[in-house]
Amino acid sequence: MAAVTIFFGANDSALKDLNPQQHVPLEEYADNLRNMVQYLKSVNIQQEKIVLITPPPLHEASWEKQCIIKGSKLNRLNSVTGTYAKACVQVGAEYGADVLDLWTLMQEGGSDYSVYLSDGLHLSDAGNKFAETKLWIILQKKLGSLPMILPDCMDVDNNDPESSLFKICL
């Protein structure tokens, strides 16, 4: 196994009073992450292969519009989501696991991070691309030493792909 990612927190950080069905208390969220990491380690997955991903930031104005459409009030705050992101970073530090801190990275330099969110909460196409790009940097460090077991796509004979694959197996 090359790597395992754990990506939770956007729904967990919902405000208790306004969205109790999705809210997970901060300490329980952190304990849940710890339990997941401990489980992975118990099945012989080393912490170097674990990547925790923080929740992305919340764009409150955009998410509030979605809440109003659904007949409710704004039920999350970016500052609260930030505390969940910090807890995720802390758990990563406790276990020596890499962390992709989307909450911080997407807001760096005061950029308009709303482009990364389709509705203020969920990642947009640009947000998924951003996450992929940042995650790939982490994964390349982990995957860089893996052997190439299949041919490059340019080396595959489109008329007889099996022969390209069998050359490697022989």
Side-chain angles (χ1 to χ4, degrees), residues 1-60 62-63 66 74-150:
M1 174 168 307
V4 176
T5 60
I6 301 173
F7 186 11
F8 288 98
N11 288 322
D12 304 271
S13 64
L15 300 175
K16 181 180 181 180
D17 295 343
L18 297 172
N19 193 348
Q21 60 273 37
Q22 289 187 317
H23 172 78
V24 175
L26 181 61
E27 192 53 43
E28 183 178 343
Y29 164 76
D31 285 342
N32 289 342
L33 291 177
R34 287 182 188 100
N35 289 334
M36 286 182 243
V37 172
Q38 288 169 357
Y39 171 76
L40 291 171
K41 289 177 69 176
S42 78
V43 295
N44 297 319
I45 297 174
Q46 301 165 343
Q47 69 262 17
E48 298 86 27
K49 296 187 178 210
I50 300 169
V51 180
L52 301 178
I53 304 174
T54 71
L58 174 77
H59 190 263
E60 292 174 14
S62 299
W63 183 244
Q66 297 300 314
L74 178 66
N75 57 19
R76 291 168 170 79
L77 297 172
N78 191 41
S79 61
V80 173
T81 303
T83 62
Y84 283 69
K86 288 177 186 155
C88 181
V89 170
Q90 177 59 40
V91 170
E94 288 172 21
Y95 288 94
D98 284 320
V99 177
L100 173 53
D101 186 355
L102 290 179
W103 191 86
T104 299
L105 291 171
M106 287 182 167
Q107 297 181 89
E108 274 185 341
S111 64
D112 177 17
Y113 61 90
S114 68
V115 299
Y116 299 128
L117 304 164
S118 62
D119 56 6
L121 173 65
H122 301 99
L123 293 178
S124 64
D125 288 344
N128 280 305
K129 182 66 177 167
F130 180 93
E132 174 206 1
T133 300
K134 299 298 184 180
L135 181 59
W136 188 243
I137 292 167
I138 295 169
L139 292 178
Q140 280 184 313
K141 294 175 190 171
K142 297 174 183 314
L143 303 174
S145 62
L146 291 178
M148 184 77 135
I149 59 173
L150 294 174

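Keep in mind that this is a model prediction, so the values were computed, not measured. Residue numbers run from 1 in the order of the sequence given.
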Report summary line: Taking every heavy atom of A85 against every heavy atom of D101, the minimum-distance pair comes out as CB-OD1, 4.3 Å
Requested in this report: Please name all residues satisfying side-chain hydrogen bond (donor to acceptor under 3.5 Å, both in side chains) with N11, sequence neighbours left out, ordered by chain then number.
Outcome: R76
Under 3.5 Å, which donor-acceptor pairs do the side chains of residues 105-112 form with other protein atoms, sequence neighbours left out?
| unit_1 | atom_1 | unit_2 | atom_2 | d |
| --- | --- | --- | --- | --- |
| Q107 | OE1 | N78 | ND2 | 3.0 |
| Q107 | NE2 | W103 | O | 2.8 |
| S111 | OG | M106 | O | 3.1 |
| S111 | OG | E108 | O | 3.4 |
| D112 | OD1 | S114 | N | 3.2 |
| D112 | OD1 | S114 | OG | 2.6 |
| D112 | OD2 | S114 | OG | 3.3 |

Query raised in the report: CG of N32 to CD of E27: how many Å apart, nearest 0.5 Å?
Result: 10.0 Å
Query - Contacts of type side chain to side chain contact (heavy atoms under 4.5 Å, CB included), residue S124, not counting sequence neighbours - result: S118, A126
Report task. Would you mind reporting whether L52 and V37 have side-chain heavy atoms less than 4.5 Å apart? Result -> yes
Report task. Please check if the side chain of H23 supplies one atom and the backbone of A14 the other of a donor-acceptor pair under 3.5 Å. Result -> yes
For residues 39-49, which side-chain N or O atoms pair as donor and acceptor with protein atoms under 3.5 Å away, sequence neighbours left out?
| unit_1 | atom_1 | unit_2 | atom_2 | d |
| --- | --- | --- | --- | --- |
| S42 | OG | Y39 | O | 2.6 |
| K49 | NZ | M1 | O | 2.7 |

Requested in this report: Verify, without hydrogens or angle tests, whether N35 (side chain) and D31 (backbone) share a donor-acceptor contact under 3.5 angstrom.
Outcome: yes
**Report entry** Aromatic ring pairing F130/Y116, orientation class (parallel under 30°, perpendicular over 60°, tilted between)
**Finding:** tilted
Report summary line: Heavy atoms of G9 and Y29 approach each other most closely as CA-CE1, 3.6 Å
Query raised in the report: For T5, which residues count as a side-chain hydrogen bond (donor to acceptor under 3.5 Å, both in side chains) partner, sequence neighbours excluded?
Result: none
Query raised in the report: How would you list, by chain and number, every residue that makes a ring pair (Phe, Tyr, Trp, His ring centres under 6.0 Å) with F8, sequence neighbours excluded?
Result: none
Requested in this report: Give the intermediate values and the outcome of side chain to side chain contact (heavy atoms under 4.5 Å, CB included) for residues Y84 and T54.
Outcome: CA-CA 8 Å; Y84 283 69; T54 71; over 6 Å; no
Query raised in the report: If you measure from OH on Y113 to OG1 on T104, what distance do you get to the nearest 0.5 Å?
Result: 12.0 Å
Query - Closest non-hydrogen atom pair, L123 against A131 - result: CD1-CB, 4.4 Å
Which donor-acceptor pairs under 3.5 Å do side chains of residues 86-96 form with protein atoms, sequence neighbours excluded?
| unit_1 | atom_1 | unit_2 | atom_2 | d |
| --- | --- | --- | --- | --- |
| E94 | OE1 | R34 | NE | 2.8 |
| E94 | OE2 | R34 | NH2 | 3.0 |
| Y95 | OH | Q38 | NE2 | 2.5 |

Report summary line: Residues at least two apart in sequence or cross-chain that pass side chain to side chain contact (heavy atoms under 4.5 Å, CB included) with P20, listed by chain then number, are none
Query raised in the report: Between atom CG of D17 and atom CG of N75, what is the distance when rounded to the nearest 0.5 Å?
Result: 11.5 Å
Report task. If a pair satisfies salt bridge (charged side-chain N to carboxylate O under 4.0 Å, His left out) and one of its residues is in residues 120-131, list it, with sequence neighbours excluded. Result -> K129-E132
Query raised in the report: Which heavy atom of L77 sits nearest a heavy atom of L74, and at what distance?
Result: CD2-CD2, 4.0 Å
Query - Under the side chain to side chain contact (heavy atoms under 4.5 Å, CB included) test, residues paired with S62 that sit two or more places apart - result: H59
Query raised in the report: What pair of heavy atoms forms the shortest contact from F7 to P55, and how long is it?
Result: CE1-CA, 4.3 Å
**Report entry** Sequence-distant partners of I138, side chain to side chain contact (heavy atoms under 4.5 Å, CB included), two or more places apart
**Finding:** V51, D98, L100, K142
